[in-house]
2 protein chains.
Amino acid sequence: MLNNRSEVDLDLVFQALADRTRRAIVARLCEGPASVSELAKPFPMSLPAIVQHLQVLETSGLVSSEKIGRVRTCSVVPATVRLAESWLGARRSVGERRLDRLEAFLATQPEPKPESHERPPTIPPRSTP
Amino acid sequence: MLNNRSEVDLDLVFQALADRTRRAIVARLCEGPASVSELAKPFPMSLPAIVQHLQVLETSGLVSSEKIGRVRTCSVVPATVRLAESWLGARRSVGERRLDRLEAFLATQPEPKPESHERPPTIPPRSTP
DNA sequence: ACGATTGTTAAGCACATACTTAAGTATTCG
DNA sequence: CGAATACTTAAGTATGTGCTTAACAATCGT
């Protein structure tokens with residue numbers, strides 16, 4: 001039902017967030033609503049490019065906008081930010097459950113041989129053969 | 001500094017998450033490590049396609065893997081999941097600060113008697129959950 | 001009414017993505 | 001050894017993305 005819809009939405013939401021410019025726009029809108037040209041000002045690209053980014057953001061549901069007169073005012077949609085955040089939170093909590101189980105297991109072991117468990121992302125794990 | 005690097009990483013992380021199949025792989029790996037063909041089993045696509053998805057995930061830092069013998073074992077990298085989550089959390093908290101400010105402002109308004117026919121606020125005081 | 005401001009639409013281009021099939025490489029097992 | 005297993009690599013293809021420039025509204029101040 002809404003599971004399917006959420007999945008579709010998440011595609012669009014994460015896709016929208018997968019761009020530095022769009023993340024900057026979202027960050028800016030979190031400080032308060034802004035017009036299109038106001039949003040465009042910091043970026044070294046054409047205004048139509050920004051409009052396209054805004055379309056992506058609006059299609060994803062991260063941003064909403066309303067045009068009054070000749071100025072379109074954009075705002076962030078917190079619920080959508082929360083949607084993405086909660087997907088990640090759900091994954092993390094599962095991982096932590098697992099980590100808890102691992103720790104519980106290690107607590108039963110007599111020799112606490114320290115192993116690194118958190119590495120920087122791009123560095124491959126040390127092989128322990 | 002590391003800000004720049006984080007931004008670059010976030011591009012890759014959100015891009016990696018912007019695909020239903022890859023999110024399902026991450027979700028599966030949050031339950032525990034798995035081999036490539038084990039990961040491929042639920043999906044109606046070729047094994048090379050899954051390998052390509054895994055490369056995207058590994059490049060993003062969301063997944064790490066190690067090959068032992070002929071089987072490659074993949075695991076999730078919780079720190080990277082947290083990286084994405086915390087970016088969203090930071091945005092959300094800014095938005096909530098704003099909402100707090102709005103609510104504080106509304107609290108200072110003595111008479112909610114609407115005698116002006118100004119355009120009513122487009123965003124209601126309390127957001128829908 | 002005129003011109004400046006603010007945004008929109010359309011077309012096009014270079015490059016990236018999500019697959020496919022086909023063929024190859026190790027590694028394990030009988 | 002030889003066959004099955006578990007990937008890996010390469011090449012091709014269709015579609016999507018992130019821009020650009022050019023031309024076109026609509027609205028506002030004077």
Side-chain angles (χ1 to χ4, degrees), chain A residues 7-29 32-75 124-125 127 129, chain B residues 7-26 28-29 32-75 118-119 122:
Chain A
E7 279 295 316
V8 171
D9 285 355
L10 280 175
D11 271 25
L12 297 176
V13 171
F14 284 127
Q15 182 64 46
L17 292 170
D19 183 282
R20 181 189 244 297
T21 302
R22 287 193 295 258
R23 281 198 308 279
I25 290 175
V26 169
R28 165 61 189 83
L29 289 178
S35 72
V36 173
S37 43
E38 207 171 339
L39 289 171
K41 225 160 252 171
F43 301 105
M45 65 184 69
S46 68
L47 199 141
I50 297 294
V51 170
Q52 282 165 23
H53 281 307
L54 284 170
Q55 277 166 0
V56 172
L57 286 167
E58 199 155 359
T59 300
S60 79
L62 279 166
V63 163
S64 69
S65 76
E66 189 191 9
K67 192 166 183 174
I68 297 172
R70 63 184 170 182
V71 48
R72 174 171 300 278
T73 302
C74 306
S75 327
S127 57
Chain B
E7 279 295 317
V8 172
D9 285 354
L10 281 176
D11 271 25
L12 297 176
V13 171
F14 284 127
Q15 182 64 46
L17 292 170
D19 183 280
R20 182 189 245 297
T21 302
R22 287 194 294 259
R23 281 198 307 280
I25 289 174
V26 168
R28 165 62 189 81
L29 288 178
S35 71
V36 172
S37 42
E38 208 172 337
L39 289 172
K41 225 160 252 171
F43 301 104
M45 64 183 70
S46 68
L47 199 142
I50 297 294
V51 170
Q52 282 165 22
H53 281 307
L54 284 170
Q55 277 165 1
V56 171
L57 286 167
E58 198 154 0
T59 301
S60 79
L62 279 166
V63 163
S64 69
S65 75
E66 190 190 9
K67 192 165 185 176
I68 297 174
R70 63 184 170 181
V71 48
R72 175 171 299 276
T73 302
C74 306
S75 328
E118 288 276 64
R119 170 179 298 281
T122 55

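So you know, we letter chains A, B, ... as the sequences are listed, proteins then strands, and number each from 1.
Here the rule is side-chain contact (heavy atoms from CB on, under 4.5 Å) with B:Cys74, and of B:Leu39, B:Leu57, B:Ile25 only B:Leu39 fits it.
Atom-to-atom, CG of B:Asp11 to P of C:dC15 comes out at 18 Å; the value is rounded to the nearest Å. Across the protein-nucleic acid pair, A:Leu47 atom CG and C:dT9 atom C1' stand 13 Å apart, rounded to whole Å. Atom pair A:Lys41:NZ and C:dT6:C1' shows a separation of 11 Å (rounding to whole Å applied). Rounded to an integer number of Å, the gap from B:Leu54 CG to C:dA18 P is 13 Å. Atom C1' of nucleotide C:dA18 and atom CD1 of B:Ile25 are separated by 13 Å, given to the nearest angstrom. Between the CD atom of A:Glu38 and the C1' atom of C:dT6 there is a distance of 12 Å, rounded to whole Å. One interatomic measurement links the two molecules: CD1 of B:Ile50 to P of D:dT9, which rounds to 17 Å at whole-angstrom precision.
Between A:Leu54 and A:Arg72 there is no side-chain heavy-atom pair separated by less than 4.5 Å. Side chains of B:Ile50 and B:Thr21 form a contact here, defined as non-hydrogen atoms less than 4.5 Å apart. Taking 4.5 Å as the limit, every side-chain heavy atom of A:Ser75 sits out of range of all side-chain heavy atoms of A:Val63. The closest side-chain heavy-atom distance from A:Val36 to A:Val51 is below 4.5 Å.
Closest to the B:Met45 side chain, of the nucleotides D:dT8, C:dC19, D:dC7, is C:dC19. Checking C:dG7, C:dA11, D:dC7 against every side-chain atom of A:Gln52, the shortest atom distance belongs to C:dA11. The side chain of A:Lys67 has C:dT8 as its nearest neighbour among C:dT8, C:dA10, C:dC19. Side chain of B:Pro48, nearest nucleotide from C:dT9, C:dA22, D:dC19: C:dA22.
With rounding to the nearest 0.5 angstrom, the CD atom of B:Gln15 is 11.0 Å from the CG atom of A:Leu17.
Heavy atoms only, all atoms of each residue included: A:Phe43 and A:Ala24 are closest at CZ-CB, 3.6 Å. The shortest non-hydrogen separation linking A:Leu62 to A:Val13 is CD1-O, 3.9 Å.
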Polar atom pairs (N or O), protein with nucleotides 15-17 of chain D, under 3.5 Å:
none

What are the atom names and distances for every N/O pair under 3.5 Å that joins the protein to nucleotides 26-30 of chain D?
| unit_1 | atom_1 | unit_2 | atom_2 | d |
| --- | --- | --- | --- | --- |
| D:dT27 | O2 | A:Arg70 | NH1 | 3.0 |

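Considering only side-chain N and O atoms, A:His53 lies under 4.0 angstrom from the phosphate OP1 or OP2 of D:dC19. The phosphate of C:dG7 (OP1 or OP2) has a side-chain N or O of A:Ser37 nearer than 4.0 angstrom.
Between the side chain of A:Arg22 and the backbone N or O of A:Ala16, at least one donor-acceptor pair lies under 3.5 Å.
Along DNA chain D, the nucleotide nearest B:Val51 and the nucleotide nearest A:Pro44 are compared for position; the residue whose nucleotide lies closer to the 5' end is B:Val51.
At the heavy-atom level, B:Ser46 lies under 4.0 Å from base atoms of the strands shown.
Under 3.5 Å, the side chains of B:Ser65 and B:Glu58 contain a donor-acceptor pair of N or O atoms.
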